[in-house]
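Note sheet for the following structure.
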Amino acid sequence: MKQKWLENTSEEILKKVELLPESFLRFKNELLEKPDKVNDLIIVCLDDIWFSDHFVIAKFQVKSETTGQTYYQEYISRRGGKYHSLRGIVLVKQEGKITHFVVRKCNRFGIGQQIFESIGNIYQPNEEFQKDKILLSSYIKDELAKCLHVPKINIDQFYDLGNVLTDTSMFNNVVRIFAVTIEVGDLSELTLYLKDKIFDDKGYSFQIETIPIEKFFEFFGQAGDSFLLAIFGRLQALNVIKL
């Protein structure tokens, strides 16, 4: 049965939804599945919608069952819908012991500065991959090699660290985070391909940084990227990193 909020939405706004580009299909499907009620908010109608190359803003008229007031709520989504990507870090082992961790140093236009970030974006594989950690780790193995700009990596252990919600007040983005350990005989197996190299194959420039594990707490205390903080926190909770 068609939701009441859709029936209440003007033809002009429904036409905007209909004309969303094909790349926004996942978002569109999520939007049209939205129920008439979200917790204590009754959705009255979709009031307006705007989109750019990658993002969309949906503005709704809602009524609160708690206060009885009618007002507007809006959120930002990616064109691919709320389940966006996989982000992680690489822990380097030598002789069975973690000696380094690998992150990116990116130039980010929005904040106007360089920032250390997790490795990504690795986009969500199909549902059948998401259900199986072994298949997912195999998928990540190939994608990580591309992200790190190395010929191949051999994953020793894969840690599925769950989901992160980036900003629930305005953004419905959900990112799955992970960590992997890789065993190398010599650190040069990585640094040969990475040292002093600047890459720009994702629409922004970045470097791959290999940092000694002894600097973990110093780095952790200064990191600002929400994904890195979530990854480090969950690795600590799992007692993966022992210093």
Side-chain angles (χ1 to χ4, degrees), residues 1-88 108-112 115 117-118 120-131 160-178 203-204 223-231 233-234:
M1 186 172 68
K2 191 174 181 180
Q3 298 97 309
K4 288 183 179 179
W5 70 262
L6 275 170
E7 295 176 353
N8 295 336
T9 299
S10 72
E11 289 297 324
E12 178 187 0
I13 302 305
L14 291 176
K15 188 68 174 178
K16 283 188 176 183
V17 175
E18 184 183 337
L19 292 176
L20 284 169
E22 182 68 22
S23 58
F24 284 77
L25 181 59
R26 283 188 183 177
F27 162 78
K28 183 177 176 180
N29 290 339
E30 289 176 1
L31 175 72
L32 296 177
E33 290 171 1
K34 190 172 286 294
D36 284 316
K37 186 178 175 186
V38 178
N39 299 317
D40 69 331
L41 290 181
I42 298 168
I43 299 178
V44 178
C45 67
L46 178 63
D47 186 75
D48 210 343
I49 192 166
W50 307 269
F51 68 93
S52 63
D53 290 342
H54 298 283
F55 298 96
V56 60
I57 301 175
K59 178 183 177 183
F60 293 87
Q61 185 180 6
V62 299
K63 182 177 181 179
S64 170
E65 286 188 323
T66 303
T67 66
Q69 291 182 314
T70 299
Y71 51 93
Y72 295 100
Q73 286 277 14
E74 59 188 44
Y75 66 89
I76 303 169
S77 181
R78 292 182 182 271
R79 64 187 180 186
K82 63 183 179 180
Y83 294 103
H84 179 241
S85 64
L86 298 149
R87 301 283 294 263
R108 287 300 189 181
F109 181 79
I111 60 173
I115 186 172
E117 292 186 345
S118 54
N121 292 327
I122 299 171
Y123 294 97
Q124 294 276 24
N126 296 331
E127 286 186 8
E128 56 266 28
F129 283 99
Q130 294 182 33
K131 294 174 184 176
D160 184 345
L161 301 175
N163 291 330
V164 173
L165 305 174
T166 53
D167 186 342
T168 56
S169 66
M170 61 180 290
F171 202 21
N172 73 344
N173 196 31
V174 179
V175 172
R176 189 169 176 181
I177 57 173
F178 69 91
Y204 51 87
D225 175 56
S226 60
F227 302 119
L228 272 184
L229 293 171
I231 291 166
R234 291 179 185 176

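Here the CG-OG distance, from Leu161 to Ser118, works out to 11.0 Å after rounding to the nearest 0.5 Å. Here CD1 of Ile122 is found 12.0 Å from NE2 of His84. Values are rounded to the nearest 0.5 Å. Atom CZ of residue Phe51 and atom OG of residue Ser23 lie 8.5 Å apart, to the nearest 0.5 angstrom. From Ser169, atom OG reaches atom CD of Gln73 across 10.0 Å, with rounding to the nearest 0.5 Å. Taking CG of Asp36 as the reference point, atom CG of Leu6 lies at 8.0 Å (rounded to 0.5 Å). Rounding to the nearest 0.5 Å places CG of Asp167 at 14.5 Å from OH of Tyr75.
Between Tyr204 and Gly120, the closest heavy-atom pair is OH-O, 4.1 Å. What you find for Ala223 and Leu228 is that their closest heavy atoms are CB-CD1, 4.4 Å. Nearest heavy-atom pair, Ile115 versus Gly224, reported as atom, atom and distance to 0.1 Å: CD1-C, 4.4 Å. For Val164 against Ala230, the heavy-atom pair with the smallest separation is CG2-CB, 3.6 Å.
In this structure, the side chains of Phe60 and Val44 stay at 4.5 Å or more apart for every pair of heavy atoms. Inter-residue side-chain proximity for Lys63 and Ile43 is flagged as unmet; no heavy-atom pair is nearer than 4.5 Å. Using a 4.5 Å heavy-atom cutoff, the side chains of Ile13 and Asp48 are in contact.
Although no hydrogens or angles enter the test, the distance criterion places no donor-acceptor pair under 3.5 Å between the side chain of Trp5 and the main chain of Lys37. Side-chain N or O atoms of Glu30 include none that pairs as donor or acceptor with a backbone N or O of Ser77 at under 3.5 Å. Under the 3.5 Å distance criterion, the side-chain polar atoms of Arg176 are left unmatched by any main-chain donor or acceptor of Leu86. At distances below 3.5 Å, at least one donor-acceptor pair connects side-chain atoms of Thr9 with backbone N or O atoms of Leu46.
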field: Trace of the side-chain contact (heavy atoms from CB on, under 4.5 Å) decision for Phe27 with Leu20
entry: CA-CA 9 Å; Phe27 162 78; Leu20 284 169; 3.9 Å; yes
From CA spacing to verdict: side-chain contact (heavy atoms from CB on, under 4.5 Å), Glu65, Leu41: CA-CA 6 Å; Glu65 286 188 323; Leu41 290 181; over 6 Å; no
message: Between Ile177 and Asn163, is the side-chain contact (heavy atoms from CB on, under 4.5 Å) condition met? List the steps.
response: CA-CA 6 Å; Ile177 57 173; Asn163 291 330; over 6 Å; no
task: Start with the C-alpha distance between Val17 and Leu31, add both sets of side-chain angles, then the distance that settles side-chain contact (heavy atoms from CB on, under 4.5 Å), and finish with yes or no.
output: CA-CA 9 Å; Val17 175; Leu31 175 72; 4.0 Å; yes
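A 6.0 Å sphere centred on NZ of Lys4 holds no more than 12 heavy atoms belonging to other residues, nucleotides or ligands. Around CD of Glu11, the count of heavy atoms belonging to other residues, nucleotides or ligands within 6.0 Å does not exceed 12.
Under the 4.0 Å criterion applied to side-chain N and carboxylate O atoms, Arg79 and Asp53 are not assigned as salt-bridge partners. Note on Arg108 versus Glu117: salt bridge recorded, some NZ/NE/NH1/NH2 to OD/OE distance being below 4.0 Å. A salt bridge links Lys59 with Asp47: the distance from a Lys NZ or Arg NE/NH1/NH2 to an Asp or Glu carboxylate oxygen falls below 4.0 Å.
Checked against Arg78 for a side-chain contact (heavy atoms from CB on, under 4.5 Å), the options Phe171, Tyr83, Phe24 give a single hit: Phe171.
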